[in-house]
S.K.: 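Submitted below is the structure of interest, expressed as structure tokens.
Letters A, B, ... mirror the listed sequences (proteins, then strands); counts begin at 1.
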Amino acid sequence: MKKDKHISRRSFLKGTAAGAATLAIPVGNTDASVWEAFFQQHFQEMDADEKARVIERLEQEYKKRYNREFSIKTTDAMPGVLFGYGLDLSRCIGCRRCVYACVRENNQSRDPQIQWITVLRFEKGEKFVSNLEEADKYYYPEKVPEEEYFYMPVQCQQCENPPCVKVCPSRATWKEPDGIVVIDYNWCIGCRFCMAACPYGARHFNLKTPRIREEEINPETHYLGNRPRYQGVVEKCTFCVQRTRSNPGRYPACVEICPVGARKFGNLLDPDSEIRYCIENKRVFRLKEDLNTSPKFYYFFAT
Amino acid sequence: MGVWRLSILTTALFMIFLLRAGPAAAADKHGIPEFSVPPPPFSEGIFPCSDCHADMETNPERRQLEEHIEIVKMFDHASDQRWCLDCHNPNDRDKLRLASGKLITFEESYYLCGQCHGTIFRDWKAGVHGKRTGEWNGKKIYRLCVHCHNPHSPRFKPLKPLPPPKRPEEIRNSHLTNEQIPSNPLEALLKESDEKR
Ligand code: SF4
Ligand code: SF4
């Protein structure tokens with residue numbers, strides 16, 4: 001904690017609960033930015049001025065931490081857009097390019113290792129949808145695909161009815177109008193209720209301050225997306241909000257890297273989009289549909 | 001005054017209409033969207049074919065070639081039913097030839113593939129079969145079929161996977177310097193493919 005000067009809300013709240021709030025606030029050596037961080041508004045309640053001030057403070061904080069100039073966007077959801085994702089299980093070869101393209105784009109910690117995408121391997125013919133936990137995620141053969149297996153990458157399913165949002169006691173996570181479930185890393189208290197609530201294992205916890213080589217940092221960020229995280233906060237896939245939320249907006253990093261084109265992305269409200277074509281012309285299914293989470297992530301078999 | 005306003009309004013509406021009509025007009029009569037593709041991935045020094053073939057007589061007899069040995073060896077694309085001149089145009093070897101006799105360039109080879117692989121061709125046109133890069137709501141970069149499938153041996157070739165995630169017990173309490181932090185294995189891979197290009 002000494003290293004990056006970020007005082008988590010969690011330790012602050014802990015202090016308050018013990019009736020010794022002042023103990024948790026480092027009085028002497030503290031510059032104004034630490035105070036500002038404590039009293040930062042909820043992101044959804046900030047006006048443009050407040051957002052600008054917060055962004056400036058964060059850009060400086062990150063510059064100190066990583067020796068790089070950062071840009072942090074706060075772009076709002078675009079009207080008439082509801083993002084959806086498709087993944088073609090008949091194509092995926094389990095090569096894990098997507099896993100590491102996501103790590104690279106989204107500044108996931110290299111040490112300790114955090115990865116938002118997990119590729120599961122199943123034996124062909126196995127009944128798989130109900131027992132994700134027993135699938136093999138550590139496979140490492142010379143070459144993929146292997147004759148007797150198929151592969152299923154899993155990441156945040158961007159549920160329309162997200163159980164993670166319901167359980168968050170600090171409202172640090174919510175669903176945006178374009179359907180992306182986001183986290184405010186400055187409001188997350190690290191209680192990990194959301195991780196327990198997520199049926200897809202999509203949320204990951206920063207047990208320690210995330211470490212990334214300075215030269216591998218991606219400094220093009222969004223406040224609700226890939227900006228660097230702190231120790232003690234939860235993170236997950238945001239459909240690359242920093243890339244996709246713009247007109248024109250780029251495809252997510254995992255879509256662009258996939259060598260077999262198994263990954264499809266677009267606007268569910270646009271009848272001409274690629275994702276609508278998949279839903280209308282392919283046999284799609286969603287993971288653990290019976291839980292009524294209503295994911296916007298569609299698996300399909302294109303043949 | 002009122003007339004002015006009205007005409008401004010109609011002009012504005014008309015312009016909105018034009019803007020909206022844009023993308024639909026971009027597809028040609030075969031439903032091929034306006035797209036950009038990288039040039040076909042020819043083996044080095046092989047194109048134009050006419051460099052050698054212009055002065056050669058065409059032998060239309062189906063036979064085992066003594067030239068293009070690499071291709072002859074790998075050829076497993078319905079090889080019982082077809083041979084070279086079913087796709088390569090006998091008279092001008094720089095062109096491909098459809099079953100109808102129509103000649104097409106190598107840049108349009110998807111028409112040739114689409115003759116047999118109709119459902120895949122349809123998915124490809126919709127942006128669903130194959131890799132897309134670029135903008136989900138703007139300019140997209142397509143790939144030709146032959147960028148991923150060798151036309152003479154089309155099955156997608158197996159790849160070396162990137163490493164599996166660390167097991168929980170492998171995660172230690174380390175204090176690493178910048179240089180000791182593990183590099184993303186994708187960086188090396190991307191560098192390698194950049195150098196090849
Ligand atoms: S990059 Fe594509 S083929 Fe490779 S594991 Fe990811 S989804 Fe599957
Ligand atoms: S959409 Fe972006 S954040 Fe989500 S898994 Fe793909 S690369 Fe990662």
Side-chain angles (χ1 to χ4, degrees), chain A residues 78 81 83 86 88 91 93-97 99-101 103-104 110-113 115 118-119 137-146 207-208 211-216 244 246-252 255-261 264-267 270 272-274 277-278 281-282 302-303, chain B residues 23-24 26-27 33 117 119-120 122-143 145 147-149 155-168 170-190 193:
Chain A
M78 289 181 284
V81 174
F83 286 121
D88 185 349
R91 296 279 175 267
I93 57 171
C95 69
R96 296 202 186 93
R97 304 287 188 276
V99 174
Y100 291 94
V103 166
R104 183 177 200 250
R110 319 296 204 259
D111 179 72
Q113 185 186 63
Q115 297 177 348
T118 309
V119 186
K137 58 178 176 178
Y138 299 113
Y139 69 88
Y140 199 29
E142 228 358 83
K143 290 272 165 78
V144 287
E146 303 149 283
L207 269 169
K208 301 209 311 164
R211 299 290 311 277
I212 305 166
R213 286 190 191 193
E214 282 166 10
E215 62 275 21
E216 287 183 18
T244 51
S246 132
N247 196 4
R250 294 163 69 200
Y251 279 119
V255 171
E256 285 210 323
I257 197 81
C258 178
V260 300
K264 302 293 152 196
F265 179 82
N267 182 3
D270 171 7
D272 296 327
S273 67
E274 288 150 31
Y277 181 93
C278 295
N281 294 288
K282 305 293 169 195
T303 63
Chain B
H117 305 281
T119 52
I120 300 226
R122 195 174 58 209
D123 285 356
W124 178 82
K125 284 188 287 190
V128 167
H129 179 98
K131 182 175 168 126
R132 293 292 167 284
T133 50
E135 293 150 357
W136 64 268
N137 52 354
K139 198 162 174 287
K140 298 171 202 297
I141 300 166
Y142 276 51
R143 306 288 184 286
C145 316
H147 281 114
C148 302
H149 304 282
R155 178 168 276 279
F156 195 88
K157 301 294 170 292
L159 297 175
K160 183 167 174 44
L162 288 176
K166 283 209 161 52
R167 291 171 192 268
E170 290 175 277
I171 295 175
R172 266 172 305 250
N173 192 22
S174 45
H175 297 277
L176 305 178
T177 65
N178 190 55
E179 287 65 42
Q180 290 169 332
I181 299 170
S183 173
N184 185 342
L186 188 67
E187 302 288 347
L189 205 72
L190 293 174
S193 69

S.K.: Which distance, rounded to the nearest 0.5 Å, do you find between the CG of B:L190 and the CD1 of A:I257?
M.R.: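 Between atom CG of B:L190 and atom CD1 of A:I257 there are 5.0 Å.
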S.K.: Please classify the contact between B:T177 and chain A as side chain, backbone, both or neither, with a heavy-atom cut-off of under 4.5 Å.
M.R.: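 Just its backbone gets close to chain A.
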S.K.: Heavy-atom distance under 4.5 Å to chain B: side chain of A:L207, backbone, both or neither?
M.R.: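 For A:L207, there is no contact with chain B at all, as no heavy atom is under 4.5 Å.
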S.K.: Looking at B:P161, is its backbone amide N or carbonyl O close enough to the side chain of A:R96 to form a donor-acceptor pair, meaning the two atoms are under 3.5 Å apart?
M.R.: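 It does not hold such a pair.
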S.K.: With no hydrogens and no angle check, just 3.5 Å: does a side-chain donor-acceptor pair link B:Q180 and A:D111?
M.R.: no
S.K.: What distance do B:H129 atom NE2 and A:E274 atom CD have between them, rounded to the nearest 0.5 Å?
M.R.: 13.5 Å
S.K.: State whether A:R213 and B:E187 are salt-bridged, where the test is any N-O pair (Lys NZ or Arg NE/NH1/NH2 against Asp/Glu carboxylate O) under 4.0 Å.
M.R.: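 Salt bridge: no.
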S.K.: I'd like to know if the side chain of B:K131 reaches the main chain of A:E256, judged simply by a donor and an acceptor atom lying under 3.5 Å from each other, with no hydrogens or angles considered.
M.R.: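 Flag set: sc B:K131 to bb A:E256 pair under 3.5 Å.
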S.K.: If I measure from the heavy atoms of chain B, does A:S273 come under 4.5 Å with its side chain, its backbone, both, or neither?
M.R.: neither
S.K.: Rounded to the nearest 0.5 Å, what's the gap from NZ on B:K160 to NZ on A:K143? Could you check?
M.R.: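 B:K160 atom NZ to A:K143 atom NZ measures 8.5 Å (nearest 0.5 Å).
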S.K.: Would you name the heavy atoms of B:G138 and A:P248 that are closest together and state the gap between them?
M.R.: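 Closest approach of B:G138 to A:P248, heavy atoms only: CA-CB, 4.3 Å.
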S.K.: Please evaluate residues B:K125 and A:Y277 with respect to the criterion side chain to side chain contact (heavy atoms under 4.5 Å, CB included), reporting the C-alpha separation (whole Å), side-chain torsions for both, the decisive distance (0.1 Å), and the verdict.
M.R.: CA-CA 11 Å; B:K125 284 188 287 190; A:Y277 181 93; over 6 Å; no
S.K.: To the nearest 0.5 angstrom, please state how far the NZ atom of A:K264 sits from the CZ atom of B:R132.
M.R.: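 That separation rounds to 5.5 Å.
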S.K.: Quick one: pull up CG in B:N137 and CG in A:N267 and give me the separation to the nearest 0.5 Å.
M.R.: 8.5 Å
S.K.: Grab the two heavy atoms, one from A:M78 and one from B:W136, that are nearest each other, plus how far apart they are.
M.R.: CE-CZ2, 3.6 Å
S.K.: When rounded to the nearest 0.5 angstrom, what distance separates CG in A:D88 from CG in B:D123?
M.R.: 8.5 Å
S.K.: For A:P145 and B:P158, which heavy atoms make the closest approach, and how far apart are they?
M.R.: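 Result for this residue pair: CD-CA, 4.2 Å.
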S.K.: Would a distance-only check, ignoring hydrogens and angles, find a side-chain to backbone donor-acceptor pair under 3.5 Å from A:R211 to B:L176?
M.R.: yes
S.K.: Partners of A:C95 by side chain to side chain contact (heavy atoms under 4.5 Å, CB included), sequence neighbours excluded?
M.R.: A:I93, A:R97, A:V144, A:P259, B:L159
S.K.: Where does B:R143 contact chain A at under 4.5 Å (heavy atoms): side chain, backbone, both or neither?
M.R.: neither
S.K.: Is the backbone of B:K166 close enough, under 3.5 Å, to the side chain of A:Q113 for a donor and an acceptor to pair up by distance?
M.R.: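 Flag set: sc A:Q113 to bb B:K166 pair under 3.5 Å.
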S.K.: Among B:I181, B:T119, B:L189, B:L186, which has the most heavy-atom pairs under 4.5 Å with chain A?
M.R.: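 Highest number of heavy-atom pairs under 4.5 Å: B:I181.
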S.K.: Take atom CD in B:E170; do more than 12 heavy atoms of anything else shown fall under 6.0 Å from it?
M.R.: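 Atom CD in B:E170 is crowded, with more than 12 foreign heavy atoms closer than 6.0 Å.
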S.K.: Applying side chain to side chain contact (heavy atoms under 4.5 Å, CB included), can you list everything that pairs with B:P163, at least two apart in sequence or on another chain?
M.R.: A:Y100, A:Y140, B:P185
S.K.: In terms of heavy-atom pairs under 4.5 Å with chain B, which of A:R250, A:E214, A:E215, A:E216 leads?
M.R.: A:E216
S.K.: Tell me, for A:V81 versus chain B, whether the close heavy atoms (under 4.5 Å) come from the side chain, the backbone, both or neither.
M.R.: side chain
